[in-house]
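Quick notes on the structure that follows.
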Amino acid sequence: MPELPEVEVVRRGIHRWATYATIRSVEVLDERSLRRHKRGRADFMGQLQGQRLEEPQRRGKYLWIPYGEGYCAIIVHLGMSGQMLIADPSIPDPKHLKIRLTITSGDRIQELRFVDQRIFGGLYLDELVPADDRPEQLLPATVTHIGRDPLDEHFDTEQIFRKLRKRRSNIKRALLDQSLSSGIGNIYADEALFRARLHFTRPTETLTRNEVSRVYTAAEQVMRLALSQGGTSFDALYVNVNGESGHFDRSLYVYGRHGKPCYRCQEQGRETVIERTKFMNRSSYFCPVCQPVPRRARA
DNA sequence: CGCAGGTCCTGCACGC
DNA sequence: TGCGTGCAGGACCTGC
């Protein structure tokens with residue numbers, strides 16, 4: 001599932017292979033991938049024709065490619081199953097190809113392909129506006145409500161701590177709330193909680209400054225580690241990379257490991273098994289010893 | 001048939 | 001009353 005590290009790998013690939021390229025043609029094979037482009041298919045195609053792409057940017061799981069003197073951008077959201085591929089036109093269309101941008105750089109012709117099996121993702125066009133907190137930074141208007149991510153140099157843990165004290169929710173819901181902090185999905189939320197030794201039902205207002213710092217630092221570290229392991233596998237013809245193409249799954253401590261031993265307990269000679277619980281309509285993985293259920297848990 | 005889950009939308013409760 | 005806000009849960013999708 002694409003969370004922040006996977007999206008960043010894609011951003012780097014696009015940066016390397018498509019920056020300053022010009023869009024020669026646009027083909028929309030499935031209009032459902034333009035659901036978030038309110039002005040429709042014809043507008044999408046017309047706006048992009050002939051545009052020169054600039055350096056791709058990212059916040060959390062949102063990726064965008066500015067064009068048009070930097071006032072507009074193509075917004076890419078991968079959703080659950082989206083991929084952005086750079087491909088030579090001679091490579092056959094993959095299954096679930098939704099949108100094709102044919103681009104040129106000098107005399108080289110390539111395709112930027114948006115592929116998405118489940119259509120939770122999509123492309124759309126948006127204008128760039130100044131960020132509320134730092135006006136010199138431009139963001140798509142539809143991304144201004146997304147919080148800074150833990151890899152952002154201006155990520156502010158103290159501000160998050162203050163907001164958490166006012167919330168009446170639990171820590172996992174907060175980690176997944178993209179308006180508070182972005183980029184963290186179900187996998188990295190569970191990994192961060194395990195590393196910080198916090199249970200997902202912990203009420204947000206009871207978290208100490210130290211615990212908040214621990215869990216967001218853990219999120220940053222686990223995502224940097226994932227990035228370092230997933231960012232090694234692309235070349236000119238196959239830039240992609242959704243989570244599966246990296247090798248990060250070998251480094252997950254809890255996610256998907258229910259019924260298997262907890263590594264931390266194992267080191268201390270205890271035989272504890274990772275548990276899986278249904279929570280917020282999805283799975284949560286945790287070690288019952290390292291992450292005990294809080295006295296006043298909040299579902 | 002259940003499961004995978006990111007984001008959007010709706011509805012509810014609450015406070016002013 | 002009405003509005004804004006915070007929170008929770010379902011809908012959207014397809015393939016295995």
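Just so it is clear, the structure is predicted and the values come from calculations on it, not from any experiment.
Salt-bridge annotation for A:D93 and A:R113: present, with a side-chain N of the basic residue lying under 4.0 Å from a carboxylate O of the acidic one. With respect to A:R209 and A:E158, a salt bridge is recorded, a charged nitrogen being found less than 4.0 Å from a carboxylate O. Between A:R58 and A:D149, at least one side-chain nitrogen of the basic residue sits less than 4.0 Å from a carboxylate oxygen of the acidic one, meeting the salt-bridge criterion.
Heavy atoms of A:K278 sit under 4.0 angstrom from primed sugar atoms or phosphate atoms, though from no base atom.
OP1 or OP2 of C:dC13 has not a single side-chain nitrogen or oxygen of A:R32 nearer than 4.0 Å. Between B:dA4 and A:R276, a contact under 4.0 Å exists linking OP1 or OP2 to a side-chain N or O. OP1 or OP2 of B:dG6 has not a single side-chain nitrogen or oxygen of A:H77 nearer than 4.0 Å. Taking side-chain N and O atoms only, A:Q178 has a distance below 4.0 Å to OP1 or OP2 of B:dT7. One finds a side-chain N or O of A:S169 lying less than 4.0 angstrom from the OP1 or OP2 phosphate oxygen of C:dA8.
Distance from the side chain of A:R167 is smallest to C:dC7 among C:dC7, B:dC8, B:dA4. Closest approach to the A:N281 side chain among B:dG6, C:dC13, C:dG9 is made by C:dG9 (side chain taken as heavy atoms from C-beta onward). Checking B:dA4, C:dC12, C:dC7 against every side-chain atom of A:S283, the shortest atom distance belongs to B:dA4. Set against C:dC7, C:dC12, B:dA4, the side chain of A:R168 has C:dC7 as its closest nucleotide. Comparing B:dG6, C:dG15, B:dA4 by their nearest atom to the side chain of A:H96 picks out C:dG15. Considering only the side chain of A:K61, B:dT7 comes nearest among B:dT7, B:dA4, C:dC12. Of all nucleotides listed (B:dG6, B:dC8, C:dA8), B:dC8 comes nearest to the side chain of A:H145.
Taking the six-membered ring where tryptophan is involved, the planes of A:Y216 and A:F155 are tilted, since the angle between them lies from 30° to 60°. Using a 30° and 60° split on the angle between ring planes, A:F200 and A:F279 fall in the tilted class, from 30° to 60°.
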*Please, what dot-bracket string fits DNA chain C when only Watson-Crick and G-U pairs with both distances under 3.5 Å count, crossing ones use [ ] and pairs to another strand use |?*
.|||||||||||||||
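When each of A:W64, A:Y62, A:Y124 is tested with A:H77 by the rule ring-ring contact (aromatic ring centres under 6.0 Å, His included), just one qualifies, namely A:Y62.
Put simply, CG on A:D116 is 17 Å from P on C:dC12, counting in whole angstrom units. Atom CZ of A:F279 is separated from atom P of C:dG9 by 9 Å (rounded to the nearest Å). One atom, CD1 of A:I119, and another, P of B:dC8, lie 16 Å apart when rounded to the nearest Å. Atom CE of A:M80 and atom P of C:dG15 are 14 Å apart (whole Å). Across the protein-nucleic acid pair, A:L78 atom CG and C:dC13 atom P stand 18 Å apart, rounded to whole Å. Separating the NE2 atom of A:H37 from the P atom of B:dT7 is a distance of 20 Å, rounded to the nearest angstrom. Atom CZ in A:R36 sits roughly 8 Å away from atom C1' in B:dC8 (whole-Å rounding). At whole-Å resolution of the value, CE in A:M280 and P in B:dT7 are 12 Å apart.
Rounding to the nearest 0.5 Å gives a distance of 4.0 Å between CZ of A:R298 and CD of A:E205.
Residue A:F161 comes nearest to A:L207 through the heavy atom pair CE1-O, 3.5 Å, listed as atom of the first residue, atom of the second, then distance.
Nearest-nucleotide mapping onto DNA chain C: of A:R282 and A:R173, the residue sitting toward the 5' end is A:R173.
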